Amino acid sequence: MRWVRLRTPWLLFICFLWLARPVPRSLWVGGAIVLAGLFVRGWAAGVLDKDRELVVWGPYAYTRNPLYLGSFVIGLGAVAAGGRLWFALVFAVFFAFAYGQAMVQEERTLEQRFGARYRRYAQAVPNFVPWRRRYRSPDGFGGKRRSFSLARYKRNKEYEAALGALAGFLFLTLKMLVWPNFS
């Protein structure tokens, strides 16, 4: 399933770029949405020590899957930037299929690894859509609470998402300026 989540987006992205009809307004609106998604992903990557501890602070205090939430917001922003809003349905179906399966698998892994602590956290914090109320561990579990760290952000290679978004926007801008009627 991991290959579906990591490789299929490229096929969808190529089709989307081919069909996109960006205009200045769609690029601005989509860009703002993408920046919000990059912020969520960046914040999550900057507090996460992958495979070391159960993180329940930062964005993880509002949703159990802030990295996936950020990816979803980035995808919606890209769709808005491309000016083909019907593509949002294609994106949402793909996301629900590929990332929904990934979330289920990760839940199982975390429950096996952290047991009752993870189950308590999972009962209190939504899987995907965040709450306004922040989770507070009743017993202080989750290791030493850390603030955002640029070193963790880099170690988690989150800059790749930002570079990918930049490349996509450069292509959409070029398409708008050079090939406005292409596709």
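Keep in mind that this is a model prediction, so the values were computed, not measured.
- Within the model, atoms CZ of R117 and CZ of R119 stand 12.0 Å from one another, a figure rounded to the nearest 0.5 Å.
- A donor-acceptor pair under 3.5 Å is absent between the side-chain atoms of K50 and the main chain of A45, judged by distance alone.
- Nearest heavy-atom pair, A61 versus R134, reported as atom, atom and distance to 0.1 Å: CB-CG, 3.3 Å.
- What you find for L27 and L172 is that their closest heavy atoms are CD2-CB, 3.8 Å.
- Counting only heavy atoms from C-beta outward, the side chains of V90 and F87 approach each other to under 4.5 Å.
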Assess whether side chain to side chain contact (heavy atoms under 4.5 Å, CB included) is satisfied between I33 and V73, documenting all intermediate values. CA-CA 7 Å; I33 296 168; V73 172; 3.8 Å; yes
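- Heavy atoms from other residues, nucleotides or ligands lying under 6.0 Å from CZ of R113 number more than 12.
- Put simply, OH on Y121 and CG on L110 are 9.0 Å apart, with the number rounded to the nearest 0.5 Å.
- Judged by distance alone, the side chain of K175 and the main-chain N or O of P22 form no donor-acceptor pair under 3.5 Å.
- When all heavy atoms of P59 and A44 are compared, the closest pair comes out as CG-CA, 3.5 Å.
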Where do K157 and Y159 land on the side chain to side chain contact (heavy atoms under 4.5 Å, CB included) test, with the steps shown first? CA-CA 5 Å; K157 298 182 181 177; Y159 55 85; 3.8 Å; yes
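- Cluster annotation: L76 and L85 are assigned to the same hydrophobic cluster (Ile/Leu/Val/Met/Phe/Trp/Tyr, side-chain heavy-atom contacts under 4.5 Å, transitive).
- Between L38 atom CG and L166 atom CG the span is 10.0 Å, to the nearest 0.5 Å.
- The pair E107-R64 meets the salt-bridge criterion, since a charged nitrogen lies less than 4.0 angstrom from a carboxylate oxygen.
- Between the side chain of N156 and the main chain of L48, a donor-acceptor pair closer than 3.5 Å is present.
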Could you walk me through whether Y60 and L67 pass the side chain to side chain contact (heavy atoms under 4.5 Å, CB included) test, one step at a time? CA-CA 9 Å; Y60 295 90; L67 289 167; 3.7 Å; yes
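- The only option from V125, L69, N65 that meets the side chain to side chain contact (heavy atoms under 4.5 Å, CB included) definition with P130 turns out to be L69.
- Using cut-offs of 30° and 60° on the angle between ring planes, the pair F91 and F95 is tilted.
- Under the 4.5 Å side-chain heavy-atom criterion for Ile, Leu, Val, Met, Phe, Trp and Tyr, W86 and F72 are members of the same hydrophobic cluster.
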Show, in sequence, the C-alpha distance, side-chain angles and deciding distance for R152 and D49, and conclude whether the side chain to side chain contact (heavy atoms under 4.5 Å, CB included) test is met. CA-CA 7 Å; R152 275 193 295 277; D49 275 323; 3.2 Å; yes
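- Nearest heavy atoms, F16 versus A78: CZ-O, 3.0 Å.
- Cluster membership for V23 and L19, using ILVMFWY side-chain heavy atoms within less than 4.5 angstrom, is not shared.
- Under the side chain to side chain donor-acceptor pair (under 3.5 Å) criterion, S71 pairs with R41, not counting sequence neighbours.
- The distance from the CZ atom of R84 to the CZ atom of R21 is 5.0 Å, given to the nearest 0.5 Å.
- L150 and L163 fall within the same hydrophobic cluster, defined by Ile, Leu, Val, Met, Phe, Trp and Tyr side-chain heavy atoms under 4.5 Å apart, directly or through other members.
- For Y68 and F128, the ring centers sit 6.0 Å or farther from each other.
- By the criterion of side-chain heavy atoms lying less than 4.5 angstrom apart, applied directly or through intervening Ile, Leu, Val, Met, Phe, Trp or Tyr residues, V93 is not grouped with V79; the two fall into different hydrophobic clusters.
- Taking both residues in full, the closest heavy atoms of E53 and F114 are given as C-CZ, 3.6 Å, listed atom of the first, atom of the second, then distance.
- To the nearest 0.5 Å, atom CZ of residue F39 and atom CD1 of residue I74 are 12.5 Å apart.
- Atom OG1 of T173 and atom CE of M176 lie 5.5 Å apart (nearest 0.5 Å).
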